Amino acid sequence: MRLLLLWLSMSLLSGCATYQQDIEAGLSLAKAGEWKEAEAQLEEVLSNKQDALLYYMEIGALAQNQGDYERSNTLLEKAEQLSDTFFPDNFSNRSWALISNPRQGDYRGSGLERVYISYLKSLNYLALAEQEKNRSKKRQLNDAALVEVRRIDIKLNEIRAQNPSYQDLNAKENQAFYMKALSWLGDFYTGGRDTDKFLYRDDAWARYLAGLQYEIDGEYDDARISYEKAAQLYEDGYAKQYALPNITADRAWLDAIRMMQKGGFSQSEIQQKIDTKLSADMQAILAHYKQGDAELVVLEHQGFIPDKSEMTLLLYADPQAYSLVLEPLHGGGNQAANDSFRWFTMVYADINPLNLIANYKAGGAWGTFSGIFTKRVILGRPVWRQLYDAKIDRLLTEQTIRVTVPYYQRFTLDQHQPTLEVNTPSIAPFKSTIRMTSLADIAFQEQLAQAQRDIYEGLVRELLRSWLAYQASSSVQDQNVALLLNLIGQVAVFASSAADTRNWLTLPAQVRLTREPLPPGDYTPDYKVNKKTFSLGEVSLEANEIKLWNLRNPY
């Protein structure tokens, strides 16, 4: 048992350090646009079976960025299969992660990641269809892209069924005052954190992309329905939740109205939609669309979703209040330390009445105030008695236990205004790009929503690991050897504490959309943003053709 403890602790210590270093090396290459080199680096670090899902998602995305669309889809299809089969818990896998660290468990993915597996696959099929000369094969590839669109719809419907909708949240905001008061009191009791507001409940941008693909395929009524779903989601709360411009809904309504024009709706129905849904500026843009025009559509996938960091909390006992106390480890005034402390006070700090009372009893008026900087887990006398019987109270009073949880440091999104030039003297550069989604904000809010689960899982895991180390040293008769083993066990367990900071890091931080109708003809489009220029090369646009430019901007 003692040898097993030492071996386990030492192996975890070495494994955790190299994982973070290797992943950072691969990401640095990707952020420099060196996709092939990044792939080689990430292939090495994600080679274990616990990271299989991450491997296929990361390498699949990097293959798409290199223009290797068939290989990308092969990899992403394997990710698709794993993202479904990982949902049932594997008992042995979970148990091993519990006594070691969460990185030893299978990576399971998030709802956002499941949706964007199909999102990237659909773009791959569209790119392959554009390259294909055989009409029958081109049709098959376009159909395959629509299959992925329908997969997105199924996945989003599953997510919607499990979470409150924007209408539910709006109804909660608009309820009578006395109902609001009861709700506020309830939130105060539970810590004042309504995690429902942070949930990923649907995806307006994914719905919009579905509309675009249906339009490319000539299925105008399905395109109209998807654009309308996107517009309603942007209006109902998606734009507000992820800090997007209100014009996102206007753009989706504009495209829904264009589908009405192509789908044979009456002029009165179309005009009614124009009058009620489009601003004057959007009505002017709609007027630019002429019969027989082609259209250039640029999807700029910019930046990278932020990576998670680890926050260290110190766990100690407060026997007088029958509770455990978690306090962030203060690391000075650098930005990372400040960000972790702000995350702690935002997500975990004690502000509910029971914890305020317990803090007051433990330390008077200062104890109440200090609750802003701590999280108290109230166990009560019966549970504390059980800890006493198991001698865990001695463990908690004789040493400080380290608990590690994931969090996001502050990040900023690129705010530069892109310019699209088609290099034709008669057509001026376009500056009409719209930020349609922020995957960075979605990931950030998903972490907020599951933060309470993370801290309690981390607490249980570190208590168990520390108790095992404590038991190993307590069973030794020689007091000097027991003290040495206890010291080694404490140091090893403390140092090897880790949080699960894995996520799909080659996803973009945000997606910006540019759509411009153009007369049929030859063009050489350039897309300029933040002193960078991306060139599509020469393209020939035919009447009624939609040219989709899937642009991956790593900067």
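Hydrogens, waters and symmetry mates are skipped; everything else that's a heavy atom, side chains included, is used. Just so it is clear, the structure is predicted and the values come from calculations on it, not from any experiment.
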> Of all residues at least two apart in sequence or in a different chain, which pass the ring-ring contact (aromatic ring centres under 6.0 Å, His included) check with Tyr227?
Replying inline: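 Per chain and number, Tyr227 pairs via ring-ring contact (aromatic ring centres under 6.0 Å, His included) with Tyr208.
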>> Please enumerate all residues that pass ring-ring contact (aromatic ring centres under 6.0 Å, His included) together with Tyr125, with sequence neighbours excluded.
In response: none
Would you give the length of the straight line joining atom [atom1] of [X] to atom [atom2] of [Y], rounded to the nearest 0.5 angstrom?
| X | Y | atom1 | atom2 | result |
| --- | --- | --- | --- | --- |
| Glu70 | Leu141 | CD | CG | 8.5 Å |
| Ile117 | Leu53 | CD1 | CG | 5.5 Å |
| Ser28 | Gln41 | OG | CD | 9.5 Å |
| Leu212 | Leu513 | CG | CG | 8.0 Å |
| Leu439 | Ile305 | CG | CD1 | 5.0 Å |
| Lys133 | Gln131 | NZ | CD | 9.0 Å |

Are the side chain of [X] and the backbone of [Y] linked by a donor-acceptor contact shorter than 3.5 Å?
| X | Y | answer |
| --- | --- | --- |
| Glu113 | Asn503 | no |
| Asp51 | Leu54 | no |
| Glu538 | Asp522 | no |
| Glu421 | Pro429 | no |
| Glu545 | Glu542 | yes |

> Taking 4.0 angstrom as the limit, do Asp250 and Lys277 come out as a salt bridge?
Replying inline: no
> Would you call Glu148 and Lys121 a salt bridge, taking side-chain N to carboxylate O under 4.0 Å as the test?
Replying inline: yes
Would you say [X] has more than 12 foreign heavy atoms packed within less than 6.0 Å of its [atom1]?
| X | atom1 | result |
| --- | --- | --- |
| Gln291 | CD | no |
| Arg453 | CZ | yes |
| Asp221 | CG | yes |

> Can you list the residues that meet the salt bridge (Lys or Arg N to Asp or Glu O under 4.0 Å) rule with Lys78, with sequence neighbours excluded?
Replying inline: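 Scan of Lys78 (salt bridge (Lys or Arg N to Asp or Glu O under 4.0 Å), adjacent residues dropped) gives none.
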> With Asp414, which residues qualify under salt bridge (Lys or Arg N to Asp or Glu O under 4.0 Å), at least two apart?
Replying inline: Arg512
>> Test salt bridge (Lys or Arg N to Asp or Glu O under 4.0 Å) on Lys290 and Asp293; report intermediate values, then the result.
In response: CA-CA 6 Å; Lys290 307 297 184 184; Asp293 271 355; over 6 Å; no
> So which of Glu80, Arg151, Arg150 actually passes side-chain hydrogen bond (donor to acceptor under 3.5 Å, both in side chains) with Ser118?
Replying inline: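 Running side-chain hydrogen bond (donor to acceptor under 3.5 Å, both in side chains) over Glu80, Arg151, Arg150 with Ser118 returns exactly one hit, Glu80.
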> Knowing that exactly one of Thr419, Asn423, Thr533 qualifies, which makes a side-chain hydrogen bond (donor to acceptor under 3.5 Å, both in side chains) with Asp526?
Replying inline: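 The single option meeting the side-chain hydrogen bond (donor to acceptor under 3.5 Å, both in side chains) with Asp526 is Asn423.
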Do [X] and [Y] get their side chains close enough for a donor-acceptor pair, meaning under 3.5 Å?
| X | Y | answer |
| --- | --- | --- |
| Gln445 | Tyr242 | no |
| Glu228 | Trp253 | no |
| Glu300 | Thr514 | no |
| Glu58 | Thr506 | yes |

> In terms of the angle between their ring planes, are Phe411 and Phe444 parallel, tilted or perpendicular, with boundaries placed at 30° and 60°?
Replying inline: perpendicular
>> Would you call the rings of His301 and Tyr119 parallel, tilted or perpendicular, taking 30° and 60° as the class edges?
In response: perpendicular
> For the residue pair His416 and Tyr555, is the inter-centroid distance of their aromatic rings smaller than 6.0 Å?
Replying inline: no
>> I'd like to know whether Leu507 forms a side-chain contact (heavy atoms from CB on, under 4.5 Å) with Tyr116, so could you lay out the CA-CA distance, the side-chain angles of the two residues, the decisive distance to 0.1 Å, and finally the verdict.
In response: CA-CA 8 Å; Leu507 283 175; Tyr116 275 79; 4.0 Å; yes
For a 4.5 angstrom cut-off between non-hydrogen side-chain atoms, does [X] reach [Y]?
| X | Y | result |
| --- | --- | --- |
| Arg258 | Glu295 | yes |
| Ser122 | Leu209 | yes |
| Trp205 | Leu299 | yes |
| Phe265 | Ile257 | no |

> Can Arg552 be said to sit on top of Tyr527's aromatic six-ring, NZ or CZ under 6.0 Å from centre and within 45° of the ring axis?
Replying inline: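 No, cation not above the ring by the 6.0 Å, 45° rule.
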>> Once side-chain contact (heavy atoms from CB on, under 4.5 Å) is applied, do any residues pair with Tyr220, and if so which ones, sequence neighbours excluded?
In response: Glu215, Met259, Lys262
> With sequence neighbours excluded, what pairs up with Asp454 under the side-chain contact (heavy atoms from CB on, under 4.5 Å) test?
Replying inline: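 Asp454 satisfies side-chain contact (heavy atoms from CB on, under 4.5 Å) with Tyr348, Pro406, Gln447, Gln450 only.
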